[in-house]
Peer 1: 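Below are the structure tokens for one structure; questions will follow.
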Amino acid sequence: MNKKIFLPLLTSLLGFILVVPASLAEPQVLAESFVFTPKTDKVEEFEKALKKHAKHRNELEDPWKWRMYSPVLGDDLDKIAVRTFGFGWADKDTYREWSMKKNPQKHWNKNVDKYVANYAHYMSVIDKENSHWGPDVEYKYVGVTTYKIKMGHRSAVNEDKKIMSEAAKANNWPFNWEWSEAVSGSGVLMLAVPYKNWASMEPGETKFAEVLAKHLGSEDKAKEMFERWSSHFESVGYDLYALRDDLMN
């Protein structure tokens with residue numbers, strides 16, 4: 001990706017889009033993320049410049065709300081992901097017009113680009129129907145499970161995802177969650193769960209297996225459901241991200 005191409009910034013990540021007639025399709029809700037990897041010896045300078053750019057975009061009255069995250073697990077902890085969500089395809093054109101008019105990229109190129117080693121850009125379609133993440137959810141961390149869907153399993157994944165989401169909602173599962181699918185790539189499904197702190201990551205007394213068994217009517221049906229769900233994927237991964245409020249204020 002050309003570093004100089006516009007990179008919207010400031011306060012995840014990600015599917016395959018079914019081609020259906022516009023008159024039959026529900027408006028899609030999108031999320032967009034940029035991931036920046038700073039140069040090895042320029043992490044501190046990068047974060048200072050990023051915070052400065054965030055302030056600049058606020059002064060320009062950026063119409064989109066962006067949030068910043070950094071990984072807290074693994075061996076590559078210097079990356080910063082910048083994400084926004086809740087817009088549609090046509091909104092991308094409107095935002096591009098704002099960007100061309102206000103030209104925040106000029107400030108980025110002058111102040112931040114020199115500290116960046118690598119850029120990545122992702123978009124996803126959010127599954128609003130099967131998600132449970134309202135506008136008032138407060139959190140400091142987000143756990144993201146990434147599923148690589150096997151060829152031919154997409155329809156079954158959607159059916160089972162709906163069953164599990166309905167079970168969680170019907171039985172007041174005490175967590176929020178968001179399903180999304182990557183726009184690019186080959187069948188990537190993501191499940192994001194927000195947490196207020198480390199203590200809130202502790203599993204509750206009621207396990208989801210019990211919730212699902214209650215919803216389906218038996219433990220055997222719940223076990224069968226979990227086995228079927230596992231069979232849909234080539235691989236499953238997990239990452240934990242911290243919300244970086246210190247870079248947004």
Side-chain angles (χ1 to χ4, degrees), residues 12-18 20 24-31 69 73 83 85-86 88 124-183 185-241 243:
S12 132
L13 265 183
L14 299 164
F16 178 88
I17 304 173
L18 296 177
V20 296
L24 300 179
E26 290 290 330
Q28 291 184 327
V29 179
L30 305 175
Y69 304 84
L73 300 175
R83 183 179 187 268
F85 68 97
S124 64
V125 178
I126 297 173
D127 181 358
K128 288 188 62 179
E129 179 183 357
N130 292 305
S131 297
H132 178 59
W133 190 325
D136 299 324
V137 175
E138 296 182 0
Y139 62 96
K140 292 294 184 182
Y141 302 94
V142 181
V144 181
T145 303
T146 303
Y147 304 88
K148 179 68 179 298
I149 303 173
K150 291 180 180 177
M151 186 70 70
H153 282 247
R154 181 171 300 281
S155 179
V157 165
N158 288 336
E159 291 176 4
D160 290 342
K161 177 177 60 172
K162 183 177 180 63
I163 291 172
M164 291 191 294
S165 298
E166 288 178 345
K169 291 178 181 180
N171 292 275
N172 298 315
W173 184 243
F175 291 98
N176 294 97
W177 68 89
E178 179 184 275
W179 294 103
S180 63
E181 289 193 53
V183 169
S186 54
V188 177
L189 173 70
M190 302 189 76
L191 174 63
V193 178
Y195 300 101
K196 290 184 178 180
N197 48 40
W198 287 94
S200 63
M201 299 180 201
E202 180 77 25
E205 293 183 5
T206 302
K207 305 297 186 291
F208 185 69
E210 299 172 17
V211 170
L212 189 60
K214 178 181 178 182
H215 186 73
L216 296 178
S218 74
E219 293 183 2
D220 288 340
K221 288 183 179 180
K223 181 179 179 180
E224 180 183 341
M225 167 86 249
F226 284 129
E227 291 176 349
R228 187 169 69 243
W229 178 254
S230 298
S231 72
H232 297 323
F233 310 108
E234 294 181 6
S235 62
V236 180
Y238 182 79
D239 295 287
L240 183 66
Y241 298 90
L243 182 63

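Note: hydrogens, waters and symmetry copies are ignored here, and every other heavy atom, side chains too, is used. Keep in mind it's a predicted model, so treat the numbers as computed, not measured.
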Peer 1: Rounded to the nearest 0.5 Å, how far does NE2 of His153 lie from CG of Asp160?
Peer 2: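 So the gap between those two atoms works out to 11.0 Å.
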
Peer 1: Tell me whether Lys169 at atom NZ has more than 12 heavy atoms from other residues, nucleotides or ligands lying less than 6.0 Å away.
Peer 2: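 Counting other residues, nucleotides and ligands, NZ of Lys169 exceeds 12 neighbours.
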
Peer 1: Side chains of Ser165 and Trp179: does their closest heavy-atom pair fall under 4.5 Å?
Peer 2: yes

Peer 1: If we only count heavy atoms from C-beta on, is the Met225 to Ile163 side-chain gap below 4.5 Å?
Peer 2: yes

Peer 1: To the nearest 0.5 Å, how far apart are CG in Leu212 and CD in Glu224?
Peer 2: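 Here the rounded value is 10.5 Å.
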
Peer 1: Yes or no on side-chain contact (heavy atoms from CB on, under 4.5 Å) for Tyr238 and Val236, after CA distance, side-chain angles and deciding distance?
Peer 2: CA-CA 7 Å; Tyr238 182 79; Val236 180; over 6 Å; no

Peer 1: Between Lys196 (side chain) and Glu138 (backbone), is there a donor-acceptor pair under 3.5 Å?
Peer 2: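 Not a single qualifying donor-acceptor pair exists.
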
Peer 1: With a 3.5 Å distance limit and no angle check, can you tell me whether Asn176 reaches the backbone of Pro194 through a side-chain donor-acceptor pair?
Peer 2: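 Side chain of Asn176 to backbone of Pro194, a donor-acceptor pair under 3.5 Å: no, none is there.
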
Peer 1: Quick check, are the ring centers of Trp133 and Phe175 under 6.0 angstrom apart?
Peer 2: no

Peer 1: Would you mind checking if Lys162 and Glu129 are paired as a salt bridge, meaning a charged N to carboxylate O distance below 4.0 Å?
Peer 2: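 Counted as a salt bridge, because a side-chain N and a carboxylate O are separated by less than 4.0 Å.
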
Peer 1: On a heavy-atom basis, which atom in Ala222 and which in Ala209 lie closest, and how many Å separate them?
Peer 2: CB-O, 4.0 Å

Peer 1: Trp173 versus Phe208: any side-chain heavy-atom pair under 4.5 Å?
Peer 2: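 Yes, close enough: below the 4.5 Å cut-off.
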
Peer 1: Please give me the minimum heavy-atom distance between Ala167 and Val211, naming the atom from each residue.
Peer 2: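 Answer, listing the atom of Ala167 first, then Val211: O-CG1, 3.6 Å.
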
Peer 1: Under 4.5 Å between any side-chain heavy atoms of Leu189 and Val157, yes or no?
Peer 2: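 Yes, their side chains come closer than 4.5 Å.
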
Peer 1: Could you measure the distance from the CG atom of Asp239 to the CE atom of Met190? Nearest 0.5 Å is fine.
Peer 2: 7.5 Å

Peer 1: Is there side-chain contact between Glu234 and Lys150, with at least one heavy-atom pair below 4.5 Å?
Peer 2: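 Glu234 reaches Lys150 side chain to side chain.
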
Peer 1: Quick check: Tyr147 with Phe233 (ring centres under 6.0 Å apart)?
Peer 2: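 Yes, they do, as the ring centres are separated by less than 6.0 Å.
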
Peer 1: To the nearest 0.5 Å, tell me how far Lys128 NZ sits from Ser131 OG.
Peer 2: 9.5 Å

Peer 1: Looking at Lys221 and Glu227, is there a salt bridge between them, counting it only when a charged N and a carboxylate O are closer than 4.0 Å?
Peer 2: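 Salt bridge: no.
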
Peer 1: Would you give the length of the straight line joining atom CD1 of Ile126 to atom CZ of Phe85, rounded to the nearest 0.5 angstrom?
Peer 2: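 That separation rounds to 6.5 Å.
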
Peer 1: Compare every heavy atom of Val137 with every heavy atom of Tyr139, then report the nearest pair and how far apart it is.
Peer 2: CD2-O, 3.7 Å

Peer 1: Please tell me if the side chains of Glu181 and Val188 come closer than 4.5 Å, counting only heavy atoms from C-beta onward.
Peer 2: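 The answer is no; the side chains never approach within 4.5 Å.
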
Peer 1: Is there a side-chain contact (heavy atoms from CB on, under 4.5 Å) between Val125 and Leu30? Walk through the geometry before answering.
Peer 2: CA-CA 5 Å; Val125 178; Leu30 305 175; 3.7 Å; yes

Peer 1: More than 12 foreign heavy atoms under 6.0 Å from CD of Glu219: is that the case here?
Peer 2: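 No.
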
Peer 1: Would you check if Leu240 and Tyr141 make a side-chain contact, meaning some heavy-atom pair closer than 4.5 Å?
Peer 2: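 Counting from C-beta outward, Leu240 and Tyr141 do come under 4.5 Å.
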
Peer 1: The test is side-chain contact (heavy atoms from CB on, under 4.5 Å); show your working for Glu178 and Leu191 and say whether it passes.
Peer 2: CA-CA 6 Å; Glu178 179 184 275; Leu191 174 63; over 6 Å; no

Peer 1: Compare all side-chain heavy atoms of Lys223 with those of Phe226 and state whether any distance is below 4.5 angstrom.
Peer 2: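 With C-beta onward as the side chain, the pair stays apart.
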
Peer 1: Run the side-chain contact (heavy atoms from CB on, under 4.5 Å) test on Asp127 and Lys161 for me, step by step, so that the C-alpha distance in whole Å, both residues' side-chain angles and the decisive distance to 0.1 Å come before the verdict.
Peer 2: CA-CA 10 Å; Asp127 181 358; Lys161 177 177 60 172; 2.9 Å; yes

